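Inspection log for the structure reproduced underneath, given as structure tokens.
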Amino acid sequence: MAGAEGDDSLYPIAVLIDELRNEDVQLRLNSIKKLSTIALALEVERTRTELLPFLTDTIYDEDEVLLALAEQLGSFTVLVGGPEFVHCLLPPLESLATVEETVVRDKAVESLRKISQEHSPVDLEVHFVPLVKRLASGDWFTSRTSACGLFSVCYPHVSSTVKAEIRQHFRTLCSDDTPMVRRAASSKLGEFAKVLELDYVKSDIIPLFTALASDEQDSVRLLAVESGVSIATLLPQEDLEDLVMPTLRQAAEDKSWRVRYMVADKFSELQKAVGPEITKNDLVPAFQNLLKDCEAEVRTAAANKVKVFCESLPEDSRETIIMTHILPCVKELVSDTNQHVKSALASVIMGLSTILGKDNTVEHLLPLFLVQLKDEYPEVRLNIISNLDCVNEVIGIRQLSQSLLPAIVELAEDAKWRVRLAIIEYMPLLAGQLGVEFFDEKLNSLCMAWLIDHVYAIREAATCNLMKLVEKFGAEWAQNTIVPKVLGMANDSNYLHRMTTLFCINALSEVCGQEITTKHMLPVVLKMSTDQVANVRFNVARCLQKIGPVLDSSALQAEVKPVLEKLATDQDMDVKYFALDAISVLALA
């Protein structure tokens with residue numbers, strides 16, 4: 001029988017074995033998450049000789065357990081004795097890199113990439129590269145897809161003979177029979193190209209890129225587009241036209257919308273990579289076609305890039321290109337049938353004003369902004385309103401108020417209450433962009449009119465809007481501009497308007513502060529406690545409860561307490577209930 005010490009030292013691994021064989025997945029998952037603690041208890045040698053072999057041999061489990069294991073092993077270097085023993089982690093990670101579940105494989109590859117950095121060049125060749133080769137020539141596509149992500153991390157640190165073998169393996173995977181493997185190779189092509197010597201980029205990578213970009217599977221072709229952009233950044237200008245552009249031109253007209261979408265999505269990176277001359281001759285016509293594409297998703301992706309594309313055009317011909325080639329397409333998109341296209345355009349179109357200057361903005365862009373401001377989709381309108389400041393900088397507030405403001409006012413008075421509601425929500429944004437003087441002159445009266453709208457949702461939103469405006473413009477502005485008008489409504493013959501006064505005071509008391517609340521608002525609330533309508537009276541009780549924390553204790557005791565006590569004896573049940581509630585919350589009993 002073994003001694004006590006032996007039992008103790010076997011304890012962690014015995015517990016782990018028990019837990020990993022338990023039927024409860026959660027228990028198995030927890031034990032994997034505690035692996036580092038177990039490894040610490042076992043110390044480095046036993047971790048290498050017992051724990052890792054055990055994990056390599058016995059792990060056939062639920063995906064979430066395997067995922068946790070793949071993640072843990074990525075930070076295990078110290079626990080196996082540091083970089084000189086890091087290769088001990090390769091066997092369990094190799095088997096995890098071949099499992100069926102993609103998420104587990106990806107995590108195993110991520111951990112392998114991480115620990116590859118901790119291998120010495122010799123260990124890379126002796127231990128890591130053979131693992132990559134085994135994965136690359138595995139029978140199952142799962143291992144071959146995992147191999148694609150490992151070439152670039154070992155290539156820079158190995159001898160030229162091994163480099164040649166690595167390139168050969170990568171070439172083989174690019175023409176693999178299984179689409180999933182070609183897809184993985186296509187997605188890693190750009191990354192692999194970055195670590196290759198320029199001559200090999202031209203001799204090896206370009207033919208692979210051309211082949212993958214004309215693969216029968218669109219999922220392979222679209223990933224090749226992304227890699228193509230990376231490859232373009234590596235090549236000298238004179239080689240781009242012959243080696244990369246024919247393939248990218250073909251991708252921009254691909255029969256699959258997904259591939260064209262990818263070209264549109266990566267357009268600004270591509271523009272940066274190829275430089276001004278190719279942009280003028282090649283990319284401008286390609287961009288026009290993408291903006292006119294028959295698929296809405298492609299038009300949306302291209303519309304998103306309009307501003308960035310125009311900004312990066314060569315300065316000497318920028319305005320001409322925009323006015324003759326890009327603007328006609330933009331004009332068509334403004335009345336596109338798809339809301340996502342219009343919304344994407346609305347989020348960037350205002351940025352064109354800074355590029356085109358005042359005259360062109362007034363003549364060509366303002367009419368487009370107006371169309372979008374009146375669009376039926378709220379998101380399109382919001383995107384225009386939220387970017388008004390850059391147009392304001394170019395054409396000035398007066399011009400803006402003459403052109404766009406009437407449209408905003410028209411929407412603010414629209415017969416459909418939901419349209420009015422949308423404009424209220426934009427108001428604080430608009431106020432911030434246009435400034436306090438302009439706001440007082442043009443928009444203040446609108447905001448006050450909404451307080452007496454016949455739809456409750458509008459009155460509620462208008463109250464909230466006032467609070468946001470005070471946060472923007474300050475308490476002094478509120479005292480001079482807003483508070484007198486709000487308090488004036490306390491004498492309105494319509495009890496709904498009188499109640500709106502109370503709701504506004506609820507919202508404004510905190511942002512206006514103690515002095516304004518005590519001096520101006522409180523007397524009005526107290527006076528309304530004798531209102532004829534019970535709904536108003538119980539809202540007085542609720543209002544006093546809300547503004548109580550803003551008031552000082554003397555006002556609470558001397559003025560608020562007697563009124564609440566009187567309301568607590570009201571004949572109406574609701575008034576009584578809310579008055580008693582306020583007394584207990586404010587601790588006035």
Side-chain angles (χ1 to χ4, degrees), residues 56 59-60 63 66-67 69-71 73-74 87 89-116 119 124-158 161-196 200 204-228 230-231:
T56 311
I59 289 290
Y60 302 101
D63 294 331
L66 297 181
L67 178 64
L69 178 60
E71 186 170 8
L73 291 173
H87 58 83
L89 296 170
L90 298 180
L93 283 169
E94 181 175 353
S95 57
L96 288 166
T98 63
V99 299
E100 204 173 324
E101 175 51 52
T102 315
V103 186
V104 178
R105 288 202 311 272
D106 289 350
K107 187 55 79 177
V109 169
E110 190 185 309
S111 289
L112 281 166
R113 287 169 68 102
K114 195 171 164 188
I115 66 172
S116 72
H119 281 68
L124 269 179
E125 289 199 16
V126 176
H127 300 288
F128 198 88
V129 173
L131 170 144
V132 179
K133 289 180 188 169
R134 283 194 300 277
L135 289 173
S137 46
D139 292 339
W140 290 94
F141 81 88
T142 52
S143 74
R144 302 199 299 278
T145 54
S146 291
C148 296
L150 297 173
F151 291 112
S152 62
V153 289
C154 52
Y155 187 87
H157 309 292
V158 294
T161 328
V162 179
K163 281 182 173 177
E165 289 173 22
I166 291 176
R167 289 197 302 276
Q168 183 50 50
H169 275 291
F170 194 83
R171 270 200 298 277
T172 310
L173 292 178
C174 285
S175 53
D176 196 279
D177 292 342
T178 315
M180 278 80 89
V181 178
R182 297 200 302 280
R183 198 182 308 160
S186 191
S187 72
K188 297 297 177 189
L189 186 67
E191 180 190 285
F192 189 46
K194 281 180 184 162
V195 298
L196 257 64
Y200 292 124
D204 288 31
I205 296 287
I206 296 295
L208 296 176
F209 165 58
T210 312
L212 290 166
S214 49
D215 193 276
E216 62 190 35
Q217 297 277 335
D218 64 355
S219 59
V220 176
R221 298 201 300 276
L222 69 89
L223 290 165
V225 168
E226 202 170 342
S227 294
S230 305
I231 294 164

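Fair warning: this is a prediction, and the values are worked out from it, not measured in the lab.
The shortest non-hydrogen separation linking Ser186 to Ser227 is O-OG, 2.6 Å. Between Ala97 and Ala108, the shortest heavy-atom distance links the atoms N-CB, 3.8 Å. Contact detail for Phe170 and Ala185: the closest heavy-atom pair is CZ-O, 3.6 Å. The heavy-atom pair separating Arg105 from Thr142 by the smallest distance is NH1-CG2, 3.3 Å. Residue Asp204 comes nearest to Leu208 through the heavy atom pair O-CG, 3.1 Å, listed as atom of the first residue, atom of the second, then distance. Contact detail for Ile231 and Gly190: the closest heavy-atom pair is CG1-CA, 4.5 Å.
With a 4.5 Å cut-off on side-chain heavy atoms, Lys163 and Arg167 count as touching. Annotation: side chain of Leu150 is not in contact with side chain of Ser116 (no heavy-atom distance under 4.5 Å). Side chains of Val225 and Arg221 form no contact here, defined as non-hydrogen atoms less than 4.5 Å apart. The closest side-chain heavy-atom distance from Leu212 to Cys174 is below 4.5 Å. The shortest side-chain heavy-atom distance between Arg182 and Asp215 falls under the 4.5 Å cut-off. Contact annotation: the side chain of Val153 approaches that of Phe128 to within less than 4.5 Å [non-hydrogen atoms, C-beta and beyond]. Counting heavy atoms from C-beta outward, Lys194 and Ser152 have side chains that stay 4.5 Å or more apart. Side-chain contact check for Val109 versus Leu93: every heavy-atom pair is 4.5 Å or farther apart.
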Problem set entry | side-chain contact (heavy atoms from CB on, under 4.5 Å) assessment of Leu189 paired with Leu223 | CA-CA 9 Å; Leu189 186 67; Leu223 290 165; over 6 Å; no

For this session: Would you check, one step at a time, whether the test side-chain contact (heavy atoms from CB on, under 4.5 Å) holds for Leu66 with Glu101?
Result: CA-CA 9 Å; Leu66 297 181; Glu101 175 51 52; over 6 Å; no

For this session: Show your working on side-chain contact (heavy atoms from CB on, under 4.5 Å) between Leu173 and Thr145 and close with a plain yes or no.
Result: CA-CA 8 Å; Leu173 292 178; Thr145 54; over 6 Å; no

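Atom CD of Gln217 has more than 12 heavy atoms from other residues, nucleotides or ligands within 6.0 Å.
Rounding to the nearest 0.5 Å gives a distance of 5.5 Å between NZ of Lys133 and NE2 of His169. Atoms CD and CD, on Glu71 and Glu110 in that order, are 7.5 Å from each other to the nearest 0.5 Å. Atoms OG and CG, from Ser111 and Asp106 in turn, are 11.0 Å apart once rounded to the nearest 0.5 Å. In this structure, the separation between OG on Ser230 and CZ on Phe209 is 10.0 Å, given to the nearest 0.5 Å. Of the inter-residue distances, the one linking Asp139 atom CG with Thr98 atom OG1 reads 11.0 Å to the nearest 0.5 angstrom. One finds the SG atom of Cys148 at 10.0 Å from the CG atom of Leu135 (value rounded to the nearest 0.5 Å).
The one candidate from Leu67, Leu112, Val104 that meets the side-chain contact (heavy atoms from CB on, under 4.5 Å) condition with Leu96 is Val104.
A salt bridge links Glu191 with Arg113: the closest approach of a Lys/Arg side-chain nitrogen to an acidic carboxylate oxygen falls below 4.0 angstrom.
A perpendicular orientation is assigned to the rings of Phe192 and Tyr155, their planes being inclined by more than 60° (bins at 30° and 60°).
If you check the side chains of Thr178 and Arg144, you find a donor sitting under 3.5 Å from an acceptor.
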